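Structure first, commentary second.
For clarity, every value in this text was computed on a predicted model and none was experimentally measured. For the numbers below, each heavy atom of this structure counts, side chains included, while hydrogens, waters and symmetry mates do not.
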Amino acid sequence: MLKAVILIGGPQKGTRFRPLSFEVPKPLFPVAGVPMLQHHIEACSKLPNMKEILLIGFYQPNEEINRFLSCAQQDFKISIRYLQEYAALGTGGGIYHFRDQILSGSPEAFFVMNADVCSEFPLPEMLDFQKEHGDAYSFVILGTTANRKQSLNYGCIVENEQTDEVLHYVEKPSTFVSDIINCGIYLFTPEIFQHIGTVFQKNQQDMLLEEQSNGWHRAEVIRLEQDIFTALAGQGKLYVYKTDRFWSQIKSAGSAIYASRLYLNQYHTTHPERLATNREGGPKTRGNVYIHPTANIDPTAVLGPNVSIGTGVTIGAGVRVRESIILHGATLQDHSCVLNSIVGWGSTIGKWARVEGTPSDPNPNDPYAKIDSETLFRDGKLTPSITILGNFIEHHHEYIMYLKVIHLM
């Protein structure tokens, strides 16, 4: 039996995703037409022995999350539960805090993945890799190749090229260590909790020595990357499965447009029914375009490539949209032009208006380039980025209706 854990973070995280994360929990933001988390859940649900998916984070349970869980359980016919941390406990602390829930039913292994990654999710390959490499007590990190400069922004893995064992692990090193980076997707066996427990006990002892009043909380804050992987490296217990399939982080709003492009391209093999086609009486599409069936689009509009049109969107005559995400209830009036932008819920673009952002794509001439998660300002200057129009929906219940409709697909 298998389980999966998806780490979804909380409202204090994902600040680079603002202002979009003010209106919807970041893991529920639609990427290629469906909530970001749905791509993870779909990949997990395809594994034949997958019995349960657990979401761990510190969002307060709310109607959006509950609605999503209810719809996802119906769609994928699998148990999906949300476990709320009392505070941000880190990538290792969260799974250790809920270890009894994860180990309930005695799974042989379980996946742990970060919600803010976009991937082809080679989960069956990771399972086969674990059986071929190491033993029942070994753990697997999904890795991919980055260029030398960008590798400094990720967890870097030095491997034994013959055995794929992780010999050395450094999180965001200050100098070059390796071009193999951590993708934030792991395959663990229950034995991982022994190693996390060792760190927890050490933290407790350190807190007692410091006599901190909030020692219990601080002892539970454990980071898989710095506290666990760094210690396990070189001990014959940690292996890396390298993938050459697509992978990207979704840290900033600009990276959501890039992730949308990757998923839309994947739909050719996984969900061709989600891709719009040129039909008589319908809009003209170029490249990969997702259009929700509730959208009302004038046949003279031209959409694509890499465009996602959400529920209840209205697009007028002669509109041009490219490399953009148009969210629930937005209106693009006649002859407007939207490029490299995210148009927020209920927003209106006036006639003949031009809304254009700067794409933040990886270097297309470098096969190992990753998207840069830029800060808003760099060297005292505003970093060029996509354009974002925020939310103009006045009533919260309208957004809940959007979550109901989006799962009709």
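A 4.5 Å side-chain heavy-atom check between His268 and Gln266 finds every atom pair outside the cut-off. By the 4.5 Å heavy-atom criterion applied to side chains, Val31 and Tyr263 are counted as neighbours. You'll find the side chain of Lys242 reaches within 4.5 Å of the side chain of Glu159, heavy atoms only. The side-chain heavy atoms of Ile315 and Asn296, taken from C-beta on, include no pair separated by under 4.5 Å. Contact check for Asn288 versus Pro305: no side-chain heavy atoms found under the 4.5 Å cut-off. Residues Ile65 and Leu28 meet the side-chain proximity criterion, which asks for heavy atoms closer than 4.5 Å. Contact check for Ile342 versus Leu389: no side-chain heavy atoms found under the 4.5 Å cut-off. For the pair Leu238/Ile157, no side-chain contact is recorded, criterion being any heavy-atom separation below 4.5 Å from C-beta on.
The main-chain N or O of Ala256 is never found under 3.5 Å from a side-chain atom of Arg261 such that the two would form a donor-acceptor pair. Not one N or O on the side chain of Thr230 forms a donor-acceptor pair closer than 3.5 Å with the backbone of Asp227. Looking at Thr387, its side chain never comes within 3.5 Å of a backbone N or O of Val355 through a donor-acceptor pair. Looking only at distances, a side-chain donor or acceptor of His40 sits under 3.5 Å from a matching main-chain atom of Asn114. Checked by atom type and distance alone, the side chain of His292 pairs as donor or acceptor with a backbone atom of Thr294 at under 3.5 Å. A donor-acceptor contact shorter than 3.5 Å links the side chain of Ser341 to the backbone of Leu339. At least one donor-acceptor pair under 3.5 Å links the side chain of Ser45 to the backbone N or O of Glu42. Gln235 contributes a side-chain N or O that, together with a main-chain N or O of Ala231, makes up a donor-acceptor pair within less than 3.5 Å. Under the 3.5 Å distance criterion, the side-chain polar atoms of Ser336 are matched with a main-chain donor or acceptor of Gln333. Tyr169 places no side-chain N or O within 3.5 Å of a backbone atom of Gly234 that could act as its donor or acceptor partner.
Checked against Pro283 for a side chain to side chain contact (heavy atoms under 4.5 Å, CB included), the options Ile291, Val302, Val321, Asp298 give a single hit: Ile291. With Ile41 as reference, Ile80 is the one residue of Ile80, Asp75, Leu69 to meet the side chain to side chain contact (heavy atoms under 4.5 Å, CB included) rule.
Asn306 and Glu323 share a donor-acceptor pair across their side chains, judged by distance under 3.5 Å alone. Side-chain N/O atoms of Gln150 and Asn147 include a donor and acceptor closer than 3.5 Å. Side-chain polar atoms of Thr189 and Glu191 form a donor-acceptor pair below 3.5 angstrom. Looking only at atom types and distance, the side chain of His97 has a donor-acceptor partner in the side chain of Glu220 under 3.5 Å away. At a cut-off of 3.5 Å, with distance as the only test, a side-chain donor of Asn278 or Thr285 sits close to an acceptor on the other residue.
A distance of 10.0 Å separates CZ of Phe58 from CD of Gln84, quoted to the nearest 0.5 Å. A distance of 10.5 Å separates OG of Ser151 from CD1 of Ile180, quoted to the nearest 0.5 Å. One finds the CD atom of Glu108 at 6.5 Å from the CG atom of Leu2 (value rounded to the nearest 0.5 Å). Separation of atoms CG (Asp164) and CD (Glu132) is listed at 10.0 Å; rounding is to 0.5 Å. Atom CG of Leu152 is separated from atom CG of Asp179 by 11.0 Å, given to the nearest 0.5 angstrom. One distance of note links NZ of Lys284 with CD1 of Ile297; it measures 14.5 Å at 0.5 Å rounding.
Taking the centre and axis of the six-membered ring of Phe176, the NZ or CZ atom of Arg148 falls inside the cone set by 45° and 6.0 Å. In this structure, Arg274 forms a cation-pi arrangement with Tyr267, its terminal cationic atom sitting closer than 6.0 Å to the ring centre and no more than 45° off the ring axis.
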* Where do Val313 and Thr311 land on the side-chain contact (heavy atoms from CB on, under 4.5 Å) test, with the steps shown first? -> CA-CA 6 Å; Val313 168; Thr311 56; over 6 Å; no
* **side-chain hydrogen bond (donor to acceptor under 3.5 Å, both in side chains) between Ser308 and Ser260, worked out** => CA-CA 8 Å; Ser308 294; Ser260 187; 3.2 Å; yes
* To do: Applying side-chain contact (heavy atoms from CB on, under 4.5 Å), run through Lys237 and Ser138 and close with a yes or a no.
  => CA-CA 5 Å; Lys237 297 184 185 304; Ser138 63; 5.5 Å; no
* To do: Please lay out, stage by stage, how Asp244 and Thr144 fare under the test side-chain contact (heavy atoms from CB on, under 4.5 Å).
  => CA-CA 6 Å; Asp244 56 2; Thr144 192; over 6 Å; no
* Asked: Taking it one step at a time, do Thr91 and Glu225 satisfy side-chain hydrogen bond (donor to acceptor under 3.5 Å, both in side chains)?
  -> CA-CA 8 Å; Thr91 50; Glu225 300 78 13; 2.9 Å; yes
* To do: Carefully, step by step, assess Tyr239 and Gln130 under the rule side-chain contact (heavy atoms from CB on, under 4.5 Å).
  => CA-CA 8 Å; Tyr239 292 81; Gln130 187 190 42; over 6 Å; no
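Remark: Lys172 NZ is loosely packed, at most 12 non-hydrogen atoms of other residues, nucleotides or ligands lying under 6.0 Å away.
The aromatic rings of Phe188 and Tyr186 sit parallel, their planes meeting at an angle under 30°, below the 60° perpendicular limit. Below 30°, between 30° and 60°, or above 60°: for Tyr96 and Phe200 the angle between ring planes is between 30° and 60°, a tilted geometry.
Between Lys51 and Pro48, the shortest heavy-atom contact is NZ-O, 4.4 Å. Summarising the geometry of Leu262 relative to Ser248, their closest heavy-atom pair is CD1-CB, 4.0 Å, with the distance given to 0.1 Å. Across all their heavy atoms, Trp247 and Cys183 have their closest contact at NE1-O, 3.0 Å. Across Ala301 and Gly316, no two heavy atoms sit closer than the pair CB-O, 3.9 Å. For the residue pair Ser178 and Val158, the shortest heavy atom distance occurs at CB-CG2, 4.0 Å. Closest non-hydrogen pair, Lys26 versus Met36, comes out as O-CE, 3.3 Å.
Here Arg245 pairs with Glu125 in a salt bridge; the nearest charged N to carboxylate O distance falls below 4.0 Å. Using a cutoff of 4.0 Å between basic side-chain nitrogens and carboxylate oxygens, Glu171 and Arg223 are not scored as salt-bridged.
In this structure, the ring of Phe193 has its center less than 6.0 angstrom from the ring center of Phe110. The six-membered or imidazole ring of His39 lies away from that of Phe121, with a centre-to-centre distance of 6.0 Å or more.
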